[in-house]
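Below: one structure, written as C-alpha cells.
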Amino acid sequence: MILVLMGVTGSGKTTIGKLLAAETGWRFADADDFHSEANKAKMHASIPLTDEDRGPWLATLHQLLLGWYESGISGILGCSALKEGYRDQLTPQIPSVNIRFILLAVSRPVLEQRLRDRKNHYMSPELLQSQLDTLEVTPDLMRVNAEGPPEKIVQEILDELLTVEGKIEV
C-alpha cells in the first residue's frame with residue numbers, strides 16, 4: 001500500500017508521515033526533498049510555483065511511487081498534491097486500490113500559527129493563501145482532521161485505513 005499525505009504548507013505532512021512510518025515500518029519520503037534548487041528559491045522568495053515548475057518534480061515523485069509499487073514496497077509520501085491533476089500525474093501505472101490520498105485538514109488559524117512557529121524551512125508563509133486557493137478537494141480523498149496531537153492523528157489514519165482496507169500490512 002502507498003499513502004500520500006497531502007495538504008497545504010503547515011498541515012503536518014512530514015511530522016505525521018514520519019510518525020506513521022515509525023508505527024508501520026513503511027518507507028517515508030518527503031516530496032520537499034525532491035524539489036529543484038530553483039523551485040526552493042522561488043518558494044523562499046514568496047513566488048508561487050507554476051504547473052511548469054511542478055512538472056519535473058511530479059514526474060520524479062511518480063517514479064518513486066511506481067518503484068515502490070513495482071517492488072511491492074509499502075510507503076508514505078508527504079506531498080502537497082494540491083490539484084486533482086497533480087494527483088493524477090503521481091499515479092499512472094499504479095492501480096487505485098494500491099494508493100490512498102489522505103488530506104490533512106487544518107484550519108487557517110492553526111496553519112498560520114504553525115508557519116509562524118516553523119524555523120529553517122524554505123517555504124514562505126506568505127504562500128499559504130496561494131496554496132489554499134489551489135487546493136482541490138475531491139470526494140476520493142480520505143480527510144483527516146490534523147489539528148490534534150500527532151499521535152492521535154496517526155491513530156485516526158490507521159483506524160480509517162483498517163476500516164476501509166480490512167487490514168493493514170505492517
**Asked** F101 pairs by side-chain contact (heavy atoms from CB on, under 4.5 Å) with which of I2, L77, T91?
**Response** T91
**Message:** Please determine whether side-chain contact (heavy atoms from CB on, under 4.5 Å) holds for the pair L161 and M1, giving the CA-CA distance in whole Å, both sets of side-chain angles, and the decisive distance to 0.1 Å.
**Reply:** CA-CA 10 Å; L161 287 172; M1 165 153 308; 4.1 Å; yes
**Item:** Pairwise side-chain contact, K42 with D53, heavy-atom cut-off 4.5 Å (strictly under)
**Value:** yes
**Message:** According to ring-ring contact (aromatic ring centres under 6.0 Å, His included), does anything in residues 46-66 pair up with another residue at least two apart or in another chain? List the pairs.
**Reply:** H35-W57
**Test item: V137 and L135 side chains (from C-beta on) under 4.5 Å apart, heavy atoms** = yes
**Prompt:** Does any non-hydrogen side-chain atom of L132 lie less than 4.5 Å from one of L82?
**Reply:** no
**Prompt:** Taking only residues at least two apart or on different chains, which pairs with a member in residues 72-92 satisfy salt bridge (charged side-chain N to carboxylate O under 4.0 Å, His left out)?
**Reply:** D51-K83
**Rounded distance [0.5 Å steps], SG in C79 versus CG in D33** = 11.5 Å
**Prompt:** Is any side-chain N of the basic residue among D30 and K13 closer than 4.0 Å to the acidic one's carboxylate O?
**Reply:** no
**Request:** Indicate whether any N or O donor in one side chain lies under 3.5 Å from an N or O acceptor in the other, for S80 and Q131.
**Result:** no
**Request:** Would you indicate whether the side-chain heavy atoms of L61 and L65 approach each other to under 4.5 Å?
**Result:** no
**Message:** Looking at every heavy atom in both A21 and F28, which two are closest together, and how far apart are they?
**Reply:** CB-CB, 3.7 Å
**Request:** In plain terms, say whether E112 and R108 are close enough for a salt bridge, that is, a side-chain N and a carboxylate O under 4.0 Å apart.
**Result:** yes
**Message:** Measuring from atom CD1 of I99 to atom CG of L90, what distance do you get when rounded to the nearest 0.5 angstrom?
**Reply:** 6.5 Å
